[in-house]
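Everything on this sheet refers to the single structure shown next.
What you are looking at is a predicted structure, and each value in this text was computed from that prediction instead of being measured.
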Amino acid sequence: MSIVTPVLALDIGGTKIALAVVAPDGRVLTETVVATRDSPDPEAVWAPIGEAIVDLGLEPGRKWDVGIGSAGPIDTRAGEVSPVNIAAWRGFAVVERVRAAVAGVTGVDPQVVLAGDGHCIALGEHWLGAGRDVASMIGIVISTGVGGGAILDDRLVTGATGNAVHLGHTSVNAWGERCVCGGHGCVESYARGPAMVERARARGWSGRDGIELTEAARRGDPIARETIDHGMRAAAAGIAATATQLDIDVVVVGGGLSKAGEVVFEPLRRHLGDFATLGHVVDLDLRVAELSNAGLLGAASLALSLSGRGVLRAG
């Protein structure tokens, strides 16, 4: 296979699915984005993805390498996904469906690899973003949910089923409220955008969403500032626990809330001091994510690694 041969990458989320043909240097050659259908029928959710694969114009007659990043939970052993935010997909065989769709266009069965969306975001930032100068890093996304992934010595930390470093569902309050995952006091229950908006509204704030909340905090609104401080304390506890366990000192933070700047990062850094206290994590290097499409590029990095062309080490 030629070193300039591109790969196919898919980034599957609760609101949209991005598909792209990506060159080995990270250039996106062709991209399409479809909305994630809100339907109880798993086939209705799949249909626009299958159609988009056909429309990408994949080169026939050759074996494509394909990387899929998906919201989770996932099961890499079975090639299945059960995203919390795609209710119709429970044990959905996304690897086999993508394999069949690509083979239907090209006439050749592709190699397909699956990872969680948090893992792919970490991979993208490690390859071409804020973590490109280090061998080990944690990536965290704070948006409508909280996700994470880690690269350790240029190896993706996946776990037995592909769900390692699920930072959003790390408990930071054993007596906390019940999370949608069934646990108690998870990071996501406090730090995700909608949870902070809900908390602020309960305290009398009248805004609509996370963007308005960060804008209000930037103007000095006390409820907005306290709410973000509360959420970022939970995020800091989760980050510190993960960094302490993995012995990694670089953390890249992305997602919608990260774009708010210091109104989010100042309390996050401040609270890290209360939790990252052991010597090997006391000076955590907290970085802002650089890529707008890290998940898609991370999926491409997975695909490139199938043939030894990626930046990840084997094993």
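Counting only distance, with no hydrogens or angles, the side chain of Ser171 and the backbone of His184 share a donor-acceptor pair below 3.5 Å. A donor-acceptor contact shorter than 3.5 Å links the side chain of Thr106 to the backbone of Val108. With hydrogens and angles ignored, the 3.5 Å screen pairs a side-chain donor or acceptor of Trp89 with a backbone N or O of Pro42. Without hydrogens or angle criteria, Thr36 side chain to Lys16 main chain gives a donor-acceptor distance under 3.5 Å. Within the 3.5 Å criterion, the main-chain N or O of Leu297 finds no donor-acceptor partner in the side chain of Ser301. The backbone N or O of Gly185 lies less than 3.5 Å from no partner atom in the side chain of Ser189, so there is not a single donor-acceptor pair.
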Query raised in the report: Are Arg62 and Glu59 close enough, and set up right, to give a salt bridge (charged side-chain N to carboxylate O under 4.0 Å, His left out), and what steps lead you there?
Result: CA-CA 7 Å; Arg62 78 168 176 88; Glu59 178 187 343; 3.3 Å; yes
Requested in this report: For side chain to side chain contact (heavy atoms under 4.5 Å, CB included), just list the numbers for Ile53 and Val102, CA-CA rounded to whole Å, side-chain angles, deciding distance to a tenth of an Å, and then say yes or no.
Outcome: CA-CA 7 Å; Ile53 289 173; Val102 173; 4.0 Å; yes
Query raised in the report: Can you check salt bridge (charged side-chain N to carboxylate O under 4.0 Å, His left out) on Asp229 and Arg270, steps first, answer last?
Result: CA-CA 9 Å; Asp229 187 87; Arg270 173 164 39 83; 2.8 Å; yes
Requested in this report: Applying side chain to side chain contact (heavy atoms under 4.5 Å, CB included), run through Ile151 and His119 and close with a yes or a no.
Outcome: CA-CA 8 Å; Ile151 313 298; His119 292 170; over 6 Å; no
Query raised in the report: When you look at Thr214 and Ile228, which way does the side chain to side chain contact (heavy atoms under 4.5 Å, CB included) test go after all the steps?
Result: CA-CA 8 Å; Thr214 55; Ile228 292 174; 4.0 Å; yes
Query raised in the report: Can Asn293 and Val28 be said to form a side chain to side chain contact (heavy atoms under 4.5 Å, CB included), step by step?
Result: CA-CA 10 Å; Asn293 60 347; Val28 176; 3.9 Å; yes
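With hydrophobic clusters built from ILVMFWY side chains whose heavy atoms lie under 4.5 angstrom apart, Val253 shares a cluster with Leu246. Leu284 and Val157 fall within a single hydrophobic cluster, where Ile, Leu, Val, Met, Phe, Trp and Tyr side chains are chained together by heavy-atom contacts under 4.5 Å. The hydrophobic cluster containing Val264 also contains Ile223, counting ILVMFWY residues as joined when their side-chain heavy atoms lie under 4.5 angstrom apart, directly or transitively. Ile12 and Trp64 fall within a single hydrophobic cluster, where Ile, Leu, Val, Met, Phe, Trp and Tyr side chains are chained together by heavy-atom contacts under 4.5 Å. Placement of Phe275 and Tyr190 in two distinct hydrophobic clusters is found when ILVMFWY residues are connected by side-chain heavy-atom separations under 4.5 Å, directly or transitively.
Of the candidates Val66, Leu8, Val98, Leu306, Pro110 forms a side-chain contact (heavy atoms from CB on, under 4.5 Å) with just one, namely Val66. For the side-chain contact (heavy atoms from CB on, under 4.5 Å) with Ile239, the qualifying choice from Leu268, Ile138, Thr170 is Leu268, the only one to do so. Results of the side-chain contact (heavy atoms from CB on, under 4.5 Å) test with Pro73 over Thr161, Val81, Asn163 single out Asn163 as the only residue that passes.
Leu272 contributes atom CG, which lies 11.0 Å from atom OG1 of Thr277 (distance to the nearest 0.5 angstrom). We find the OG-NE2 distance between Ser136 and His126 to be 7.5 Å, quoted to the nearest 0.5 Å. From Arg201, atom CZ reaches atom CG of Leu213 across 10.0 Å, with rounding to the nearest 0.5 Å. Here Thr30 contributes atom OG1 and Leu58 contributes atom CG; the two are 9.0 Å apart, rounded to the nearest 0.5 Å. Atom CH2 of Trp127 is separated from atom CG of Leu302 by 10.5 Å, given to the nearest 0.5 angstrom. Rounded to the nearest 0.5 angstrom, Ser305 OG and Leu123 CG are separated by 7.5 Å.
Classified by interplanar angle (parallel below 30°, tilted 30° to 60°, perpendicular above 60°), the ring pair Trp46/Phe92 is tilted. Ring geometry for His166 against His169 counts as perpendicular: the plane angle is over 60°, on a 0 to 90° scale with 30° as the lower cut.
Counting heavy atoms from C-beta on, the side chains of Val141 and Val146 never come closer than 4.5 Å. With a 4.5 Å cut-off on side-chain heavy atoms, Glu125 and Leu291 count as touching. Residues Val197 and Arg208 form no side-chain contact, since every pair of their non-hydrogen atoms from C-beta on lies 4.5 Å or further apart. The closest side-chain heavy-atom distance from Val113 to Ile68 is not below 4.5 Å. Considering only heavy atoms from C-beta on, Val251 stays 4.5 Å or farther from Met137 through its side chain. Annotation: side chain of Leu10 is in contact with side chain of Ile49 (closest heavy-atom distance under 4.5 Å). With contacts defined as side-chain heavy-atom distances shorter than 4.5 Å, the pair Asp117/Ser70 does not qualify. Contact annotation: the side chain of Leu56 approaches that of Thr32 to within less than 4.5 Å [non-hydrogen atoms, C-beta and beyond].
Here the closest non-hydrogen pair linking Ala164 and Gly159 is CB-N, 3.7 Å. Between Gly254 and Ala289, the closest heavy-atom pair is CA-CB, 3.6 Å.
Residues Arg97 and Glu43 are paired through a salt bridge, judged by an N-O separation under 4.0 Å between the basic side chain and the carboxylate. Salt bridge Arg77/Asp75: present, at least one basic N to carboxylate O contact under 4.0 Å. By the 4.0 Å N-to-carboxylate-O rule, Asp25 lies close enough to Arg27 to be salt-bridged with it. The residues Glu290 and Arg132 are annotated as salt-bridged, a charged nitrogen and a carboxylate oxygen being separated by less than 4.0 angstrom. We find that Glu198 and Arg192 are not joined by a salt bridge, their nearest charged nitrogen and carboxylate oxygen being 4.0 Å or further apart. Electrostatic pairing of Arg233 and Asp274 counts as a salt bridge here, judged by a charged N lying under 4.0 Å from a carboxylate O. Classification of Glu226 and Arg199 as a salt-bridged pair holds, one side-chain N sitting under 4.0 Å from a carboxylate O.
A donor-acceptor contact closer than 3.5 angstrom is absent between the side chains of Asp41 and Ser39.
When the ring-ring contact (aromatic ring centres under 6.0 Å, His included) test is applied to Trp205, no partner is found at least two apart in sequence or on another chain.
Within 6.0 Å of atom CD1 in Ile211, 12 or fewer heavy atoms from other residues, nucleotides or ligands are found, so the atom counts as exposed in its surroundings. Summarising the local packing, CG of Asp38 is surrounded by 12 or fewer heavy atoms from other residues, nucleotides or ligands at distances under 6.0 Å.
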